[in-house]
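Letters go in sequence order (proteins before strands), and every chain restarts at 1.
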Number of protein chains: 2
Amino acid sequence: MRNDVRELRLAAGLSQRELAEALDVSRQTVNSIETGRYDPSLPLAIAIARHFHRSVEEMFHAD
Amino acid sequence: MRNDVRELRLAAGLSQRELAEALDVSRQTVNSIETGRYDPSLPLAIAIARHFHRSVEEMFHAD
DNA sequence: TTTCCATGACAAGGCAGCTTGACAGTTGAG
DNA sequence: CTCAACTGTCAAGCTGCCTTGTCATGGAAA
């Protein structure tokens with residue numbers, strides 16, 4: 001899965017740490033998702049999409 | 001997370017086995033998701049939503 | 001230079017997601 | 001009744017997601 005997290009985070013002027021705090025996860029988790037180490041869990045994916053006012057399908061797409 | 005998988009599966013006239021085959025997962029995985037034992041992974045959630053022509057957010061909602 | 005923030009990455013550990021195989025209970029067809 | 005399909009659940013095992021802690025690198029500010 002590819003995702004648009006980094007683009008949207010930067011567009012929002014947030015650091016990985018700030019986004020992590022807003023999502024209540026660790027900085028490493030945000031970094032791992034952005035760098036494609038792994039996909040977020042379903043609830044986290046929904047929280048991320050919600051945070052950026054996007055749908056899950058818009059933010060996460062099959063590679 | 002609650003989900004509408006069972007309702008939609010039954011409305012489509014499918015058995016757990018048939019849905020599992022359509023999604024390329026095991027019958028136990030479909031059963032576990034329907035009975036709330038655990039949430040699907042993000043890619044599987046997207047595949048399920050897509051199968052039933054719904055959005056992820058429509059099918060999977062915070063409890 | 002020194003300090004601070006941001007990022008990338010690794011390790012170890014815990015729990016979640018998924019697998020195959022198996023068993024039991026229920027229901028419906030014959 | 002017999003048989004098959006459907007469902008629920010368990011066990012064991014593997015891998016993925018997320019944690020805390022740590023380290024290295026780079027850039028900006030003072």
Side-chain angles (χ1 to χ4, degrees):
Chain A
M1 302 238 88
R2 295 218 173 267
N3 68 71
D4 302 339
V5 176
R6 172 158 297 169
E7 287 179 5
L8 291 168
R9 175 179 63 80
L10 293 175
L14 297 172
S15 68
Q16 290 183 347
R17 170 171 298 282
E18 288 169 330
L19 178 57
E21 286 171 0
L23 297 170
D24 200 30
V25 294
S26 69
R27 178 184 70 85
Q28 287 86 337
T29 292
V30 170
N31 183 78
S32 292
I33 292 167
E34 286 192 358
T35 58
R37 292 172 59 83
Y38 49 72
D39 296 325
S41 64
L42 176 58
L44 180 52
I46 291 175
I48 293 171
R50 182 185 183 88
H51 187 272
F52 291 112
H53 305 94
R54 295 284 191 290
S55 71
V56 168
E57 285 86 347
E58 280 172 342
M59 291 210 60
F60 302 92
H61 24 275
D63 181 58
Chain B
M1 302 238 86
R2 295 222 173 263
N3 69 71
D4 302 339
V5 176
R6 173 158 296 168
E7 287 179 6
L8 290 168
R9 175 179 62 81
L10 292 175
L14 298 172
S15 69
Q16 290 183 345
R17 169 171 298 281
E18 288 169 328
L19 177 56
E21 286 171 0
L23 297 170
D24 200 31
V25 294
S26 68
R27 179 184 69 84
Q28 287 86 336
T29 291
V30 170
N31 183 78
S32 292
I33 292 166
E34 286 192 357
T35 57
R37 290 172 58 83
Y38 50 72
D39 296 324
S41 65
L42 176 58
L44 180 53
I46 291 175
I48 294 170
R50 183 185 183 88
H51 188 271
F52 291 113
H53 305 94
R54 294 284 190 290
S55 69
V56 168
E57 284 87 346
E58 281 172 343
M59 290 211 61
F60 302 92
H61 24 277
D63 180 55

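Taking every heavy atom of both residues into account, A/A45 and B/L42 meet most closely at CB-CD1, 3.7 Å. For A/L8 against A/F52, the heavy-atom pair with the smallest separation is O-CE2, 3.5 Å.
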Q: Kindly indicate, with the supporting measurements, whether the criterion side chain to side chain contact (heavy atoms under 4.5 Å, CB included) is fulfilled by B/H51 and B/L14.
A: CA-CA 12 Å; B/H51 188 271; B/L14 298 172; 3.8 Å; yes

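Counting only heavy atoms from C-beta outward, the side chains of A/F60 and A/P40 approach each other to under 4.5 Å. Contact annotation: the side chain of A/I33 never approaches that of A/D39 to less than 4.5 Å [non-hydrogen atoms, C-beta and beyond].
OP1 or OP2 of C/dT7 has not a single side-chain nitrogen or oxygen of A/N31 nearer than 4.0 Å.
With A/E57 contributing its side chain and B/I46 its backbone, the two residues share no donor-acceptor pair below 3.5 Å. Between the side chain of B/E58 and the main chain of B/S55, a donor-acceptor pair closer than 3.5 Å is present.
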Q. Can you give one letter per nucleotide of nucleotides 15-30 of chain C, 5' to 3': B if a protein heavy atom sits under 4.0 Å from the base, S if only from the sugar-phosphate, - if neither?
A. --SBBBBB--------

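Residue pairs meeting the side-chain hydrogen bond (donor to acceptor under 3.5 Å, both in side chains) criterion with at least one member in residues 24-34 of chain B, sequence neighbours excluded: B/R6-B/E34, B/R9-B/E34, B/Q16-B/N31, B/Q16-B/E34, B/S26-B/T29.
Heavy-atom contacts of chain A under 4.0 Å fall on DNA chain D between two terminal nucleotides, which in 5' to 3' order are D/dC17 to D/dT22.
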